[in-house]
Amino acid sequence: MLSVIIPAYNEDKTIRTAAETISGILSRESVDYEIVFVDDGSSDGTWKEIVSAAADIDGIRGLHFSRNFGKEAAMFAGLSDVKGDCAVVIDCDLQHPPEKIVEMYRLWEQGYQVVEGIKEDRGTESAAHRFAANSFYKLISGATGMDMSSSSDFKLLDRKVVDTLNSMPEKNMFFRALSFWVGFERAEVKYDVQERKAGQSKWSTKALIKYALNNIGSFSTAPIKLITVLGLIMMIVSVIFGAISLVQKFMGQAADGFTTVNILLLFSSSIIMVSLGIIGFYVSRIYEEIKGRPRYIISDRTGDKNG
Ligand code: UDP
Ligand code: MG
């Protein structure tokens, strides 16, 4: 059986369409499926829509978060709840073309264990958004050594991969990178990003920055290593300036050089501050993990898990 996981946050306008389109395509192709909507603590009628879709259409069920935990949490809740032999994660707004699920499924039948959706055309994103997304992917690809520039959350995972992800104890998971990191037999399916069917994108600039920082933090220790590099640079700079000062002293020109002192002082103290900040960032992440709180809280469910 194929499980389809759909994270949904304030998507009351798109639930019905997504449910009907995806279940329609899969039944036409006679793929045995279940569709699991994860309502990420929406404040609109999303949960009502999910309940009614689950009542009307076979093979649909829903999980309801007690509050908004974010898309990553919603995807992982889906992964730990589904029963299929493979699972697909897809957006609720149908920006990921649902016909591609079938293509992914066929590749899985041929023995591939991870089928990545690769964005060919990013659709109608603003130039600023594109620039931000590109920089983020450059950063994270460089920091993690994995090329993720055109990857997305649209993926099919084999049961083995799903179980592997479910068994990971870390709380702050970055789905895109983790599904890359685990390895396994991989294949790719290219797709064009579609227009959003209804409603608006849920990502504010602030949310995106937080998302980027979080994921860099959970996948890379490069920033904290950078501190050592900065320290080394400072050491070299101080050796040079130290030598210059000594020479000046012996030549009797020691009174000069306040500018140098000022620059050095400002430079080194700013580096120390930044370094402390970076260390603090990682310490806070350790603190978050060590608390061991659940990634999400499910407050309600609909549809029969064993049906
Ligand atoms: N989403 C979610 N929780 C959030 C934000 C978004 O579950 O906190 C879901 C949303 O309902 C959609 C998917 O993640 O199914 C992608 O969101 P969106 O379309 O807003 O992002 P974009 O396509 O603009 O990147
Ligand atoms: Mg979208």
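Excluded from the calculations below are hydrogen atoms, water molecules and symmetry mates; all remaining heavy atoms, backbone and side chain alike, are included. Whatever order the structure lists ligands and atoms in, that order sets their numbers, starting from 1. Along the sequence shown, the residues carry numbers beginning at 1.
Aromatic ring orientation, Y191 versus H96: perpendicular (interplanar angle above 60°, classes split at 30° and 60°).
Taking distance alone, with nitrogen or oxygen atoms compared against 3.5 Å, C92 approaches ligand 1 more closely than that limit.
Proximity annotation for atom 23 (O) of ligand 1: of M75, E72, K71, Q95, Q95 comes nearest, heavy atoms only.
The closest side-chain heavy-atom distance from D158 to F184 is not below 4.5 Å. A 4.5 Å side-chain heavy-atom check between L157 and W108 finds every atom pair outside the cut-off. In this structure, Y33 and S27 have side chains that are in contact, with non-hydrogen atoms separated by less than 4.5 Å.
Atom-to-atom distance recorded for L63:CG and F37:CZ is 11.5 Å, nearest 0.5 angstrom. The structure places CZ of F65 at 12.5 Å from CG of D300, a figure rounded to the nearest 0.5 Å.
Below 4.0 Å from some heavy atom of G70 lie the following atoms of ligand 1, by number and element: 3 (N), 8 (O). Every atom of ligand 1 with a heavy atom of E11 under 4.0 Å away is listed here by number and element: 10 (C), 11 (O), 12 (C), 15 (O). Of all atoms in ligand 1, numbered sequentially from 1 with element shown, those under 4.0 Å from a heavy atom of D40 are 2 (C), 3 (N), 4 (C), 7 (O), 8 (O). Close approach of ligand 1 to A8 is summarised as follows: ligand atoms under 4.0 Å from at least one heavy atom of the residue are 7 (O), 11 (O).
Between the S42 side chain and the D44 main chain, no donor and acceptor come within less than 3.5 Å of each other.
Contacts between D91 and ligand 1, counted as non-hydrogen atom pairs separated by less than 4.0 Å, involve both the backbone and the side chain. When heavy-atom distances to ligand 1 are checked against a 4.0 Å cut-off, N10 has no atom that comes that close, whether in backbone or side chain.
Pairing each heavy atom of L2 with each of Y105, the nearest pair is CB-CE1, 3.8 Å.
A search for side chain to side chain donor-acceptor pair (under 3.5 Å) contacts involving S52 returns R16, not counting sequence neighbours.
At a threshold of 4.0 Å, the pair R285-E288 does not count as salt-bridged, since none of the basic side-chain nitrogens sits closer than that to a carboxylate oxygen.
Counting only protein atoms, the N, O or S atoms lying less than 2.8 Å from the Mg ion (ligand 2) are D93 OD2, Q95 OE1, ordered by chain and residue number.
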